[in-house]
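Just dropping this structure here.
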Amino acid sequence: MASSRTAVAVKPPSPGKHPALRALGITLRAPEAGVAIVSVILAIAFGVMRPAFLSNANLETVSQFVAPWAILACGEIMLLICGEVDLSVGQVFAMAPFVMNFAYMAGLPFLLALVVALGVCAFLGFCIGMISVVLRVPSFITTLGALLLFNGLTLTLSGAFPVNTPNTPFAPLFGGWQYSEIAWAVLIALLMHGLLRHTSWGLHTVAVGGNATGAAEAGIHVRRVKIGNFILCSTLGGFAGIINAFHVTSIDPNAGGSNVMFLAIASSVIGGTSLLGGSGTVLGGLAGAAVLGILQDGFTLLGVNAFAFDIITGAAILLTMIANVQFADLRRKRRI
């Protein structure tokens with residue numbers, strides 16, 4: 001019996017994608033990509049409508065808008081991911097430069113005075129964390145009370161009068177140079193992104209926000225994670241206030257406050273961090289701050305009423321939260 005052979009066509013291996021296209025695909029799949037693309041489109045649009053928008057002087061102005069919100073957003077994002085929030089960080093922003101100035105005027109070297117100020121900020125964050133986590137007072141209430149307390153302390157210590165920043169050779173590094181604020185913001189965002197994505201602390205933060213009970217059963221110290229992120233948020237808020245004071249060469253007791261805090265939270269939410277906890281991205285917060293800064297400066301150049309900025313910011317937060325809730329529901333249904 002003759003055996004028959006069936007010819008099988010062998011498909012040649014398809015050539016792989018070009019490395020550049022593969023890298024572009026990975027980049028576009030990142031959660032921060034959408035907001036970053038929006039910020040670039042907005043910058044191009046305002047540059048077309050008002051060529052002065054892309055001038056060096058105006059880009060410096062935009063960077064000054066963006067930097068404080070972005071640095072505060074880095075701390076808020078860590079808290080939001082683990083299911084908490086800090087409404088007082090804007091007042092820490094205003095208080096920290098006064099603490100640094102008092103320490104410097106008392107005779108401490110500048111760098112040591114800076115460490116003292118940041119240490120005070122960290123202690124304030126620790127106190128807030130203990131009240132919220134150990135005494136189980138909701139962080140919204142705790143930090144709302146702390147907001148008023150810190151504001152009163154700042155006004156009392158300063159006499160409600162601004163003072164000049166210390167005359168130190170380190171001033172250009174800490175805000176004196178025109179782009180030093182945004183440079184610090186980008187550096188801190190990259191470091192915080194690495195902390196969130198590539199360390200056990202970041203993994204535990206996400207786990208606590210996603211399911212605190214499950215995280216505790218898995219051996220994660222939930223209280224330690226939450227209190228640590230409160231400390232981190234307050235410390236970053238104080239540092240942002242210090243570099244902003246050096247930029248404007250004045251320490252103002254009315255700097256920061258609720259407006260800066262809300263813009264930081266808005267940057268976080270627009271950048272893709274959920275107020276429900278369990279998910280978020282630090283680089284998205286940086287991109288969200290860029291969107292808000294570009295919008296504010298662009299509207300100013302176009303002569304648009306300043307109230308329109310608040311309208312768009314509020315609408316962006318609402319739309320983003322609606323999308324977050326709906327996507328969370330879809331993910332939950334798929335798991336079921």
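The first residue in the sequence is number 1, and the count goes up from there. This one's a predicted model, so the numbers in the text were calculated from it and none came from an experiment.
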Under the criterion side-chain contact (heavy atoms from CB on, under 4.5 Å), which of Ile220, Leu203, Thr213 is the partner of Val208?
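Answer after filtering Ile220, Leu203, Thr213: Ile220.
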For the hydrophobic clusters of this structure (ILVMFWY residues joined by side-chain heavy atoms under 4.5 Å, transitively), does one cluster hold both Leu191 and Trp184?
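Same cluster.
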Kindly work out whether a path of hydrophobic side-chain contacts (I/L/V/M/F/W/Y, heavy atoms less than 4.5 Å apart) joins Leu155 to Phe102.
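Leu155 and Phe102: separate clusters.
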Can you tell me if Ser132 uses its side chain to pair, donor with acceptor, with the backbone of Gly129 under 3.5 Å?
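Pair absent, no side-chain N/O of Ser132 close to backbone of Gly129.
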Answer yes if Val38 and Leu54 sit in the same cluster of Ile, Leu, Val, Met, Phe, Trp and Tyr residues linked by side chain heavy atoms under 4.5 Å apart, and no otherwise.
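As far as the 4.5 Å side-chain criterion goes, Leu54 and Val38 are connected within one cluster.
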Between the side chain of Thr168 and the main-chain N/O of Ala171, is any donor-acceptor distance below 3.5 Å?
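Flag not set: sc Thr168 to bb Ala171 has no pair under 3.5 Å.
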So, do Asn151 and Met95 sit near enough that their side-chain heavy atoms are less than 4.5 Å apart?
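Answer no - side chains too far apart.
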Should Ile188 and Phe239 count as side-chain neighbours, where that means a heavy-atom distance under 4.5 Å?
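Sidechains of Phe239 and Ile188: in contact.
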With a 4.5 Å cut-off on side-chain heavy atoms, are Leu59 and Tyr179 touching?
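Heavy-atom side-chain distance check passes, below 4.5 Å.
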Main-chain N/O of Ala245 paired to Thr249 side chain as donor or acceptor, under 3.5 Å:
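Such a contact is absent between Thr249 side chain and Ala245 backbone.
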Under 4.5 Å between any side-chain heavy atoms of Met49 and Leu301, yes or no?
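No, their side chains stay 4.5 Å or more apart.
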Full working for side chain to side chain contact (heavy atoms under 4.5 Å, CB included) between Asn164 and Ile251:
CA-CA 6 Å; Asn164 294 328; Ile251 304 174; over 6 Å; no
Between Ser55 (side chain) and Pro51 (backbone), is there a donor-acceptor pair under 3.5 Å?
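It does not hold such a pair.
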Ignoring hydrogens, what is the shortest heavy-atom contact between Ile294 and Leu42? Give both atom names and the distance.
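For Ile294 versus Leu42, the nearest heavy atoms are CG2-CB, 3.8 Å.
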Close side-chain approach of Glu181 to Ser63, heavy-atom, < 4.5 Å:
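No, too far: nothing below the 4.5 Å cut-off.
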Kindly indicate whether the side chain of Leu195, heavy atoms from C-beta on, has any atom under 4.5 Å from the side chain of Leu232.
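They are in contact (side-chain heavy atoms under 4.5 Å apart), so the answer is yes.
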Does any non-hydrogen side-chain atom of Ile81 lie less than 4.5 Å from one of Thr205?
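In contact.
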Examine distances only and state if a side-chain atom of Asp297 and a backbone atom of Gly293 form a donor-acceptor pair shorter than 3.5 Å.
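Pair absent, no side-chain N/O of Asp297 close to backbone of Gly293.
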Cluster check Val62, Ile44: I/L/V/M/F/W/Y, side chain < 4.5 angstrom:
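The answer is no; the residues belong to distinct hydrophobic clusters.
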Are Val99 and Val115 linked, directly or through other ILVMFWY residues, by side chains that come within less than 4.5 angstrom of each other?
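As far as the 4.5 Å side-chain criterion goes, Val115 and Val99 are not connected within one cluster.
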What is the minimum heavy-atom distance between Asn244 and Pro68, and which atoms define it?
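Closest approach of Asn244 to Pro68: OD1-CG, 4.0 Å.
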For the atom pair CG (Leu187) and OG (Ser180), what is the distance rounded to the nearest 0.5 Å?
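If we round to the nearest 0.5 Å, Leu187:CG and Ser180:OG are 12.0 Å apart.
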Within the distance-only criterion (no hydrogens, no angle test), does the side chain of Thr143 pair as donor or acceptor with the backbone N or O of Leu87 below 3.5 angstrom?
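Yes, Thr143 side chain to Leu87 backbone: donor-acceptor pair under 3.5 Å.
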Between Phe150 and Ser88, what is the shortest heavy-atom contact and its length?
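Shortest heavy-atom contact: CE1-OG, 3.8 Å.
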Please step through side chain to side chain contact (heavy atoms under 4.5 Å, CB included) for the pair Phe230 and Ser139, ending with a clear verdict.
CA-CA 10 Å; Phe230 273 110; Ser139 58; 3.7 Å; yes
Measure the CG-SG distance between Leu79 and Cys74 for me, rounded to the nearest 0.5 Å.
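Interatomic distance, Leu79 CG to Cys74 SG, rounded to 0.5 Å: 12.0 Å.
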Would you give the length of the straight line joining atom CD1 of Ile231 to atom CD1 of Ile128, rounded to the nearest 0.5 angstrom?
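Taking CD1 in Ile231 and CD1 in Ile128, the distance rounds to 10.5 Å.
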Show the nearest heavy-atom pair for residues Ala96 and Cys121, with the distance to one decimal.
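For Ala96 versus Cys121, the nearest heavy atoms are CB-SG, 3.6 Å.
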Provide the closest heavy-atom pair for His247 versus Glu60 in the form atom of the first, atom of the second, distance.
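In this case the closest contact between His247 and Glu60 is CE1-OE2, 4.5 Å.
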If every non-hydrogen atom of Ala52 is compared with every non-hydrogen atom of Asn58, which pair is closest and at what distance?
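The pair with the smallest heavy-atom distance is O-CB, 3.3 Å.
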Flag the pair Phe174 / Phe110 as yes when their ring centroid distance falls below 6.0 Å, and as no otherwise.
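Yes.
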Straight-line distance of Ser267 OG to Ile71 CD1, nearest 0.5 Å:
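The distance works out to 11.5 Å.
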Using the ring of each side chain (for Trp, its six-membered ring), is Trp69 parallel, tilted or perpendicular to Phe65, with breaks at 30° and 60°?
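It falls in the parallel class, under 30°.
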Are Met100 and Val116 close enough, and set up right, to give a side chain to side chain contact (heavy atoms under 4.5 Å, CB included), and what steps lead you there?
CA-CA 7 Å; Met100 176 205 65; Val116 168; over 6 Å; no
With a 4.5 Å limit on heavy-atom distance, are the side chains of Arg224 and His204 in contact?
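Side-chain contact under 4.5 Å: no.
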Step by step, work out the side-chain hydrogen bond (donor to acceptor under 3.5 Å, both in side chains) result for Ser274 and Ser279.
CA-CA 6 Å; Ser274 173; Ser279 65; 4.6 Å; no
Pairing donors with acceptors under 3.5 angstrom, does anything connect the side chains of Ser250 and Asp252?
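No pair is found: no donor N or O on one side chain lies under 3.5 Å from an acceptor on the other.
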Is there a side chain to side chain contact (heavy atoms under 4.5 Å, CB included) between Leu118 and Ile242? Walk through the geometry before answering.
CA-CA 9 Å; Leu118 296 180; Ile242 289 171; 4.3 Å; yes
